[in-house]
Amino acid sequence: MTMSSMKLLTAVFLIFGTLVPSAVGLPKTPWVQQRTKGHGRKLFGASIEKRGQKVRDDCIVKSALDIDAPKENIWAGLTEQEAVGVVEWMFAQPELNLTVSEDAGSWDNTLLLVELMKPNKTDALSYVDESGSLPARYAHAVISHQADEDPYYQDILVGPLPAANGTTYWTPLEYPYTRKTEGKVRNLDANEDALYDEWLFKVSATISDITLDLWNATALGLDNDTLSIWGIDPVYQEDDQILRWDTFWSNPSTIFDVGSMMPMGLFFMSDVSGRDTSKWTVQGWYYNGIFYETTKEFRTAYWSGKVEKLDGNWDGPWAETDQQGTIPPLDTMAPPVATAPQGARYSVDAERKYVEWMGWSFYIGFDRDSGMALYDIRHKGQRVLYELGLQEALAHYAGSDPTQSHTAYLDTYYGFGPFAFELLKGYDCPSYATYLNSSFYVSETTHTHLNSILSTVGNYDYMFSYSFFMDGSIAVEVRASGYIQAAFFAKNHDYGFHIHDQLSGSMHDHVLNFKADFDILGTENTVQLMEQVPHTTTYPWSKGKVFNTMKLNRSYVENEDEGQFNWGFNNQKQVFVVNQDKNNKYGEHRGYRILPYTGSAHLTVQNSTVLKNSAKWAEHDIMVSRRKDTEPRSTHTYNNQDTENPPVDFSKFFDSESLNQTDLVLWLNLGMHHVPHTGDLPTTVFTTAHSGIQFMPTNYFTVGANVETVNMVRINYEDGDATDVIHFGAYDGTCKLDYEPAFVDLWEYKGDVVVRKFPYSPDDLYYETDSI
Ligand SMILES: *[C@@H]1O[C@H](CO)[C@@H](O)[C@H](O)[C@H]1NC(C)=O
Ligand SMILES: *[C@@H]1O[C@H](CO)[C@@H](O)[C@H](O)[C@H]1NC(C)=O
Ligand SMILES: *[C@@H]1O[C@H](CO)[C@@H](O)[C@H](O)[C@H]1NC(C)=O
Ligand SMILES: *[C@@H]1O[C@H](CO)[C@@H](O)[C@H](O)[C@H]1NC(C)=O
Ligand SMILES: *[C@@H]1O[C@H](CO)[C@@H](O)[C@H](O)[C@H]1NC(C)=O
Ligand SMILES: *[C@@H]1O[C@H](CO)[C@@H](O)[C@H](O)[C@H]1NC(C)=O
Ligand SMILES: *[C@@H]1O[C@H](CO)[C@@H](O)[C@H](O)[C@H]1NC(C)=O
Ligand SMILES: *[C@@H]1O[C@H](CO)[C@@H](O)[C@H](O)[C@H]1NC(C)=O
Ligand SMILES: *[C@@H]1O[C@H](CO)[C@@H](O)[C@H](O)[C@H]1NC(C)=O
Ligand SMILES: [Cu+2]
């Protein structure tokens, strides 16, 4: 297995889920009210069913209603023409000195990314809320400058679009980052091509007699290799010194990509500073609890019989996902299916990626780094959130060995966009769901993942779900699945369970950061806290008796110094985003409560040696900062390239500014403390690797918005007999269902559609799946 297939494993993201429309809210299940006994409420618009009266129709199966979004989707991404224009224009700028990726070596400059630069919120609101013009469009591009002793990545802005000689210009992009270095960050990947052939295989060759003796296996860069070598991410950085720890993994012998579960327990450290691979050095070896300073010391110890030999880890049925074992009773029968008997009850503008359902509406944006985000989320036309989306996903490992200890994947480095693969209809989402394409740019080509987004997004395979409910609440959930990255068992019991022959389920924290830019009845909002506290008091009526009870303690998050905190003890703290200037008629602030749903987590590690300043957002559950065009995102894709001085150091967002009635952003962490056990073999499953958060309207409506639905029924009864069955207007017929739409032809699965942008060849599209 190569380094790049390792990346795949640790950052394979399936996008799927029940995005909006299928995530229906409360009153869908008819309820029975037991206490009315036939008198009580007036029934406006209700109808009373006669015994035996039922309508029988044929089900009308239709897909989502087509609508036109009220505005253009200004977050959706570049059009085909825009992307082609920008790429052509950039290749024509001599100072950018770009080489087409296909022809580029490790000393050429290449264009890594071209995507839409999302508009500033002020410009976006002037267009979306008022009659302002469409915000000027710019492209965000990333160049890898490798024609340099000190290679670097650079973010630049190109625009305005469409690209044209004379009017379009490029500038270094600096304003969205806390580090002010013209959008540049050092590039530690420039020697990627040389790493294996000029280094790792050469080091491995110096001890291939040992790997043969230990495991009858080698990693020499030959077709018949039976071992792979890969190691830590990010590489360990001490100022300009760049250190790697690498380890051996046995190669899978089948199509199952299980290499990350096959560690062999032999580790070596290299100093790989600088571009000259002839200056790189081995800094030591580690095996079974003992560190050897030099290759010679390790070889001498080994061949003098002083090294205790342990077995390795090899694949087999225990690591494969195909069915095995006893089939559960009735399991061969067709499972229940979700159906929409009269057709979808939601509307979609597929071109503009705009969705409406039961009073909710939103636009979908998509980018390479973080995948899908939702914009301008409204309930009955009133915006609740301007932006809601993933920022970063961290998997921070720990262990007795140097590889696990140094591993803390920051997944946007690999990008969520490229790993949002085609969904399987009927498996990942109901077959009647609407599947939208997602596109991203790589090496002068645009890849389109067919049917990859719905309204839900999702190495692990992550599944992201955004659910909208009829009571006005929203849920954000993430689930993780896939093959774990396991550790060698030796001396690792404080860091995981023993799960296979020589295998430890390596402990790690998943922390996923989301941006929630609330706009509750306007952009100016405040975060209010309300804690239940034990209370001892006397009351006028208690005749002097001291009462032990509880009460509410309200406070505001006044400024950014108070802006980072955790869920309280025993869930006694409630967190609200309110608008203090928009009270309801009882004088209560209208707002939304943010509440933990199915478990959330922030990073256990404090002041991580590996991450340094590159993931300060991971240290709390909830963070509130003032919203700024200069702080659009809590991290940067290349934060792992300079962990001490990353492009975005989240802690710098917090500089004592007032948070009283101002436009603010909540940065919210979901996550899981994951200590894999035998149930994580062959894969971790979604049932419990699950974290969620909810947003709940609080004093926002006069009564619960859920009462508006007609999808309810009341049954009055008396003496054991139903006396009335009362309907409110919902279709109540029965119909014959043609199951065809519930079963899909999986042979339709295609993979990516790739279109070359430079030179532009729209008619020469091709399919590709494993190019990443
Ligand atoms: C442009 O890049 C090439 C490598 O692709 C390099 O040899 C050359 O020196 C660069 N030119 C300038 C002006 O930097
Ligand atoms: C812009 O200039 C480049 C060369 O400088 C030329 O190849 C290209 O055709 C021009 N594009 C337009 C749209 O005029
Ligand atoms: C060692 O591996 C080679 C090929 O990988 C195989 O042909 C040979 O039988 C193995 N030897 C032992 C002792 O397993
Ligand atoms: C692997 O291939 C190399 C070169 O083709 C050969 O010298 C070596 O004997 C092979 N090793 C095994 C275990 O078959
Ligand atoms: C997705 O892309 C395919 C291929 O280009 C196209 O046929 C299909 O209409 C697109 N789907 C949507 C919803 O735009
Ligand atoms: C009430 O909250 C304030 C502000 O958070 C805090 O300083 C105070 O100690 C709390 N009072 C009680 C009784 O918990
Ligand atoms: C974080 O750890 C580093 C290295 O051990 C130390 O220099 C620094 O003071 C620590 N910072 C905090 C805030 O504890
Ligand atoms: C967006 O806001 C930043 C920060 O104020 C500013 O530097 C930039 O020019 C703005 N972009 C546009 C297109 O106006
Ligand atoms: C916060 O804003 C509200 C409403 O605008 C105002 O009444 C209150 O005095 C402000 N509080 C502080 C501490 O400035
Ligand atoms: Cu995990």
Side-chain angles (χ1 to χ4, degrees), residues 9-13 90-111 143-152 154 187 190 193 208-220 222-228 250-253 260-261 275 309 311-312 314-315 393-399 404 407-409 411 459-463 478-487 495-497 499 503-512 599 601 603-604 670-691:
L9 243 171
T10 52
V12 172
F13 306 101
M90 289 182 73
F91 270 86
Q93 308 309 304
E95 72 281 12
L96 296 178
N97 195 13
L98 294 171
T99 302
V100 173
S101 302
E102 253 174 22
D103 307 331
S106 51
W107 288 83
D108 297 310
N109 298 342
T110 54
L111 176 54
I143 294 175
S144 183
H145 286 268
Q146 300 194 189
D148 205 301
E149 275 300 329
D150 297 306
Y152 58 92
Q154 188 175 21
N187 174 347
D193 294 343
S208 61
D209 52 340
I210 295 178
T211 62
L212 278 170
D213 186 67
L214 262 175
W215 316 306
N216 187 29
T218 51
L220 300 169
L222 302 174
D223 288 344
N224 60 6
D225 275 0
T226 41
L227 295 173
S228 292
S250 70
N251 284 345
S253 58
S260 65
M261 299 203 295
R275 296 205 71 174
K309 298 183 196 177
D311 196 5
W314 309 97
D315 66 358
L394 165 69
H396 197 307
Y397 289 73
Q404 301 298 324
T407 299
Y409 295 111
D411 286 335
N459 171 254
Y460 282 91
D461 301 339
Y462 287 114
M463 174 166 86
V478 59
R479 293 174 173 85
S481 177
Y483 295 115
I484 60 172
Q485 174 175 315
Y495 302 91
F497 292 115
I499 59 169
L503 206 61
S504 164
S506 192
M507 72 182 289
H508 54 280
D509 276 355
H510 294 276
V511 189
L512 296 102
L603 182 61
T604 307
L670 299 186
M672 303 142 224
H673 301 297
H674 194 183
V675 185
H677 53 95
T678 54
D680 288 272
L681 299 177
T683 55
T684 298
V685 289
F686 283 155
T687 44
T688 52
H690 180 197
S691 174

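Read the numbers this way: they start at 1 and go in the same order the structure lists the ligands and their atoms. Just the heavy atoms: all of them, side chains too, but no hydrogens, waters or symmetry mates, feed the values below.
Looking at H508 and the Cu ion (ligand 10) together, the shortest N, O or S contact belongs to NE2. The Cu ion (ligand 10) lies closest to atom NE2 when only the N/O/S atoms of H510 are considered. Of all the N, O or S atoms in H674, the one closest to the Cu ion (ligand 10) is ND1.
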Start with the C-alpha gap between M463 and F686, add the side-chain angles, then the distance that decides, and say whether side-chain contact (heavy atoms from CB on, under 4.5 Å) holds. CA-CA 8 Å; M463 174 166 86; F686 283 155; 3.7 Å; yes
Given Q404 and Q485, is the side-chain contact (heavy atoms from CB on, under 4.5 Å) satisfied, shown in steps? CA-CA 9 Å; Q404 301 298 324; Q485 174 175 315; 3.6 Å; yes
Let me see the working for L512 and S691 under side-chain contact (heavy atoms from CB on, under 4.5 Å), right down to the final yes or no. CA-CA 9 Å; L512 296 102; S691 174; over 6 Å; no
Under the side chain to side chain donor-acceptor pair (under 3.5 Å) rule, what do S106 and D193 come out as? Steps first, then yes or no, please. CA-CA 7 Å; S106 51; D193 294 343; 4.9 Å; no
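In terms of the ring pair (Phe, Tyr, Trp, His ring centres under 6.0 Å) criterion, residue partners of H145 (sequence neighbours excluded) are, by chain and number, Y152. Residues satisfying the salt bridge (Lys or Arg N to Asp or Glu O under 4.0 Å) criterion with D209, sequence neighbours excluded, are R299. The side-chain hydrogen bond (donor to acceptor under 3.5 Å, both in side chains) search around D680 returns H674, H677, T684, not counting sequence neighbours.
Counting the atoms of ligand 1 from 1 in the order shown, those under 4.0 Å from a heavy atom of N97 are 1 (C), 2 (O), 3 (C), 8 (C), 10 (C), 11 (N), 12 (C), 14 (O). In summary, the atoms of ligand 1 found under 4.0 Å from a heavy atom of W107, numbered by their order in the structure, are 4 (C), 5 (O). Atoms of ligand 1 lying under 4.0 Å from at least one heavy atom of T99, given by number and element, are 5 (O).
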Measure from every N or O atom of ligand 3 to the protein's N or O atoms and keep only the pairs below 3.5 Å, writing each with atom names and distance to 0.1 Å.
| from | atom 1 | to | atom 2 | distance (Å) |
| --- | --- | --- | --- | --- |
| ligand 3 | 2 (O) | N216 | OD1 | 3.4 |
| ligand 3 | 2 (O) | N216 | ND2 | 2.4 |
| ligand 3 | 11 (N) | N216 | ND2 | 2.7 |
| ligand 3 | 14 (O) | N216 | ND2 | 3.3 |

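Ring-plane geometry between Y397 and Y409 is classed as perpendicular, the angle between the planes exceeding 60 degrees on a 0 to 90 degree scale with a lower cut at 30.
The main-chain N or O of L98 is never found under 3.5 Å from a side-chain atom of N109 such that the two would form a donor-acceptor pair.
The parts of D108 lying near ligand 1 are both backbone and side chain, judged by heavy-atom distances below 4.0 Å.
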